[in-house]
Structures are given as C-alpha cells and as structure tokens.
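Any value given below was found using the heavy atoms of this structure, including those in side chains, with hydrogens, waters and symmetry copies removed.
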Amino acid sequence: MVAPRAVWKGFLRVGSVSCGVKIVGATSEASKIHFKILNRKDGLPVKTAYVDEETGDVVEAEEQIKGYEADKGDFIHVEPDEIKKLKLTSQHTLDVDSFVPVAEIDTRFLEKPYYLIPADGPSLEAFAVLRDAMAKKRVAARSCVVLYQRGREVLIQPLGKGMLLTELRTHNEMTSEDTVFDDVKSPKYDSDLLEIAGLLIDKKVTKFDPSKFEDTYEDALIAMIDAKRKGKKPPKPAPKPKENVIDLASVLRKSLAKEGIGQDRPKAKSRKSA
C-alpha cells in the first residue's frame, strides 16, 4: 500500500524546542461511490464552467478573480498574492500557543483529522519527547496552520508512534445548544424505567471499534448499481421506522427479554403518551 502524500511540511515548536514535522491526510474517499453528471439526452458527461452572470459567456480560469461583496453588486477584488501575504506567520511553523486537558475537549469542535509525523531522522528525538510528555500529562496542544489556502485552528494529540492533528471549528461556526434545547421539556417518568434502560445499555456496552462501522447508504448504492449492471430490480428499501413509542415500559421490557436479562426486575408503571 502506498503511503499518503504529505499535505504540509514545516516545524512544530513548543517554546525553544522545535522539530521538523509532516502533516499527512488521515482520511480517504477512494472507496466511496462517485457519480458523474450526464446529459440525459445523449448520456455523455457534462462539465462545470464559470459563466458571466450578465453575458452568459464562459470565463476561463486565467480571467477569474476572487471578490468580496461589500455592498449589493459592489465587489472588492482580492488577488491571490494578497492572500498569500496573510499566511506568513503560520505557513511554515506549528507554534503551540497552549495545552488543554484531553478530558476537557469538546468534540463538537473537532472537524477533520490528519496524522503528524517527524519530517526526518534528526527530528525524531524532539518529536518523541514532546509526544510522550503530552501523553504523560494527558494534554493536547493548540496551534494553527495554513492548509489548502486557508488558516486552520488545530488540536494536536499523541497517537501511538505519531500524533493526531485535528482541524477545529471556531465558536462562530457552532450554533449554541441553548437555541436548540430551550424548548426540550424534562418529563417525569417512573424511576424503574431508568433502571430498566440502564440494564439494556449495560448489555450492549462494547469497545469503540471503527472496523465494525458500516456505511449503509454506500452499501445500498453499491447494491443498486450492481443490480442495474446485471439487469435486475434494485433491492427493496428498508422499512420506515415506527411512530412514537406509546407504551415505553412495555417496549423496554420486551427489549430486555430479547436480550435474556431482567426477567426478575420490578414492573415499571406504564405511562401512555402520544
């Protein structure tokens, strides 16, 4: 298997300690189904193009320029070189601003993972010392880096022989949970329901194993395409989920019976609600 290509090379610096590092992609879309857009009339692929909104003429790449709409229809032109000049501070160095306890990381802000590895032999010792010290203290390093023409806030954590670097969402990108949860009520329920639900959870506790994860949508796409290729009917769609549970106590007891546990537990009072 060919190792992924490094997407960034530079230095990791903590105080006066620095070492050469490389950022390598940790995810791949190679196994995903990719569609092309076809012309329905002749079945041939079509391609996208930027066109002038007023004339409808195609605008070639060399004639395109980025623009920020300051007012309606009034654009400020921004040249590629002007953007590059903004990146000098973090373009070649991962400066660690601070460390945060791993236990306090809010996973909502974690966006895209990368691997961080030493750039060469001479960098290995300093890299290993920083990695192992962070692991011992159970902390992650916060920094920023320029990737794919944009500055990214990142979090760096020890991971096996290397480290995991994860792009972060900013607080401005996150919707406050209060705006979503404010209307969620806290109903009263029989305490036995909580105990029964806990038994069901205990029965299903397992290790976090991504190798067991399945992309059911991707699997369904593959099955449909395979059926079309063979001239067969596509597989039947999965049945729709049932409506809201009416008798939660009864459903929980049935679930326990299915798992072979909780037969001698006290019967929770049924609370019927639409």
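Heavy-atom neighbours of Glu62 CD from other residues, nucleotides or ligands within 6.0 Å: above the threshold of 12. Annotation: Tyr115, atom OH; neighbour count of heavy atoms from other residues, nucleotides and ligands within 6.0 Å does not exceed 12. For Glu218, the CD atom sits in a packed shell: over 12 heavy atoms of surrounding residues, nucleotides or ligands are nearer than 6.0 Å. Taking a 6.0 Å sphere around CG of Asp183, one finds it holds 12 or fewer heavy atoms contributed by other residues, nucleotides or ligands. Within a 6.0 Å radius of CD in Glu173, other residues, nucleotides and ligands contribute more than 12 heavy atoms. Counting non-hydrogen atoms of neighbouring residues, nucleotides and ligands closer than 6.0 angstrom, the CZ atom of Phe11 reaches no more than 12 such neighbours. In the displayed structure, Arg138 atom CZ is contacted under 6.0 Å by at most 12 heavy atoms of other residues, nucleotides or ligands.
Although no hydrogens or angles enter the test, the distance criterion places a donor-acceptor pair under 3.5 Å between the side chain of Asp52 and the main chain of Thr55. Within the 3.5 Å criterion, the main-chain N or O of Val102 finds no donor-acceptor partner in the side chain of Gln157. A donor-acceptor contact shorter than 3.5 Å is absent between the side chain of Glu177 and the backbone of Phe181. The backbone N or O of Leu110 lies less than 3.5 Å from no partner atom in the side chain of Thr166, so there is not a single donor-acceptor pair. Side-chain N or O atoms of Arg152 include one that pairs as donor or acceptor with a backbone N or O of Leu147 at under 3.5 Å. When atom types are taken as modelled, the side chain of Arg142 and the backbone of Val100 share no donor-acceptor pair closer than 3.5 angstrom. With Thr93 contributing its side chain and Asp95 its backbone, the two residues share no donor-acceptor pair below 3.5 Å. Formation of a donor-acceptor pair under 3.5 Å by the Ser123 side chain with backbone atoms of Gly20 is found in this model.
There is no path of hydrophobic side-chain contacts, each under 4.5 Å, that joins Val129 to Val17. Hydrophobic clustering of Ile, Leu, Val, Met, Phe, Trp and Tyr side chains at less than 4.5 Å, counting indirect connections, keeps Val46 apart from Val51. Cluster annotation: Ile23 is connected to Tyr148 through the hydrophobic network of ILVMFWY side chains, with a link wherever side-chain heavy atoms come within less than 4.5 Å. At a threshold of 4.5 Å between side-chain heavy atoms, the hydrophobic network of Ile, Leu, Val, Met, Phe, Trp and Tyr places Ile105 and Leu159 in two separate groups.
Between Asp226 and Lys230 there is a salt bridge, since at least one side-chain N of the basic residue sits less than 4.0 Å from a carboxylate O of the acidic one. Between Lys66 and Glu79 no salt bridge is recorded (no basic side-chain N to carboxylate O distance below 4.0 Å).
For the residue pair Glu60/Tyr50, the side-chain donor-acceptor check at 3.5 Å is not satisfied. One side chain, Asp209 or Ser211, offers a donor N or O that lies under 3.5 Å from an acceptor on the other.
Scanning both residues, Met224 and Pro234, for their nearest heavy atoms gives CG-CB, 4.2 Å. Summarising the geometry of Arg169 relative to Arg108, their closest heavy-atom pair is NH1-O, 2.8 Å, with the distance given to 0.1 Å. The two residues Ala6 and Lys9 have their closest heavy-atom pair at CB-CE, 4.2 Å. Considering every non-hydrogen atom in both Leu44 and Asp42, the closest pair reads N-OD1, 2.9 Å. Scanning all heavy atoms of the two residues, the minimum distance from Trp8 to Val146 falls at CD1-O, 3.5 Å. Closest approach of Val184 to Val180, counting heavy atoms only: CG2-O, 4.1 Å.
Atom CD1 of Ile156 and atom CE of Met134 lie 6.5 Å apart (nearest 0.5 Å). Rounded to the nearest 0.5 angstrom, Cys144 SG and Leu155 CG are separated by 12.5 Å. Taking SG of Cys19 as the reference point, atom CZ of Arg13 lies at 11.5 Å (rounded to 0.5 Å). Atom CE of Met163 and atom CZ of Arg131 lie 7.0 Å apart (nearest 0.5 Å). Expressed to the nearest 0.5 Å, how far CD of Glu153 lies from CG of Asp97 amounts to 7.5 Å. Within the model, atoms NZ of Lys22 and CG of Asp120 stand 8.5 Å from one another, a figure rounded to the nearest 0.5 Å.
Side-chain contact between Leu165 and Leu94: present, with at least one pair of heavy atoms (C-beta onward) separated by less than 4.5 Å. In this structure the side chain of Phe109 never reaches within 4.5 angstrom of the side chain of Thr170, judged on heavy atoms. Considering only heavy atoms from C-beta on, Leu164 stays 4.5 Å or farther from Leu116 through its side chain. Counting heavy atoms from C-beta on, the side chains of Ile117 and Val21 never come closer than 4.5 Å. Ile33 places a side-chain heavy atom less than 4.5 Å from the side chain of Ile225. At a threshold of 4.5 Å between non-hydrogen side-chain atoms, the residues Ile65 and Val78 do not count as touching. In this structure, the side chains of Val154 and Leu168 stay at 4.5 Å or more apart for every pair of heavy atoms. Taking 4.5 Å as the limit, every side-chain heavy atom of Tyr114 sits out of range of all side-chain heavy atoms of Thr27.
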- Run the numbers on Val24 and Val7 for side-chain contact (heavy atoms from CB on, under 4.5 Å), then give the verdict. CA-CA 6 Å; Val24 178; Val7 299; over 6 Å; no
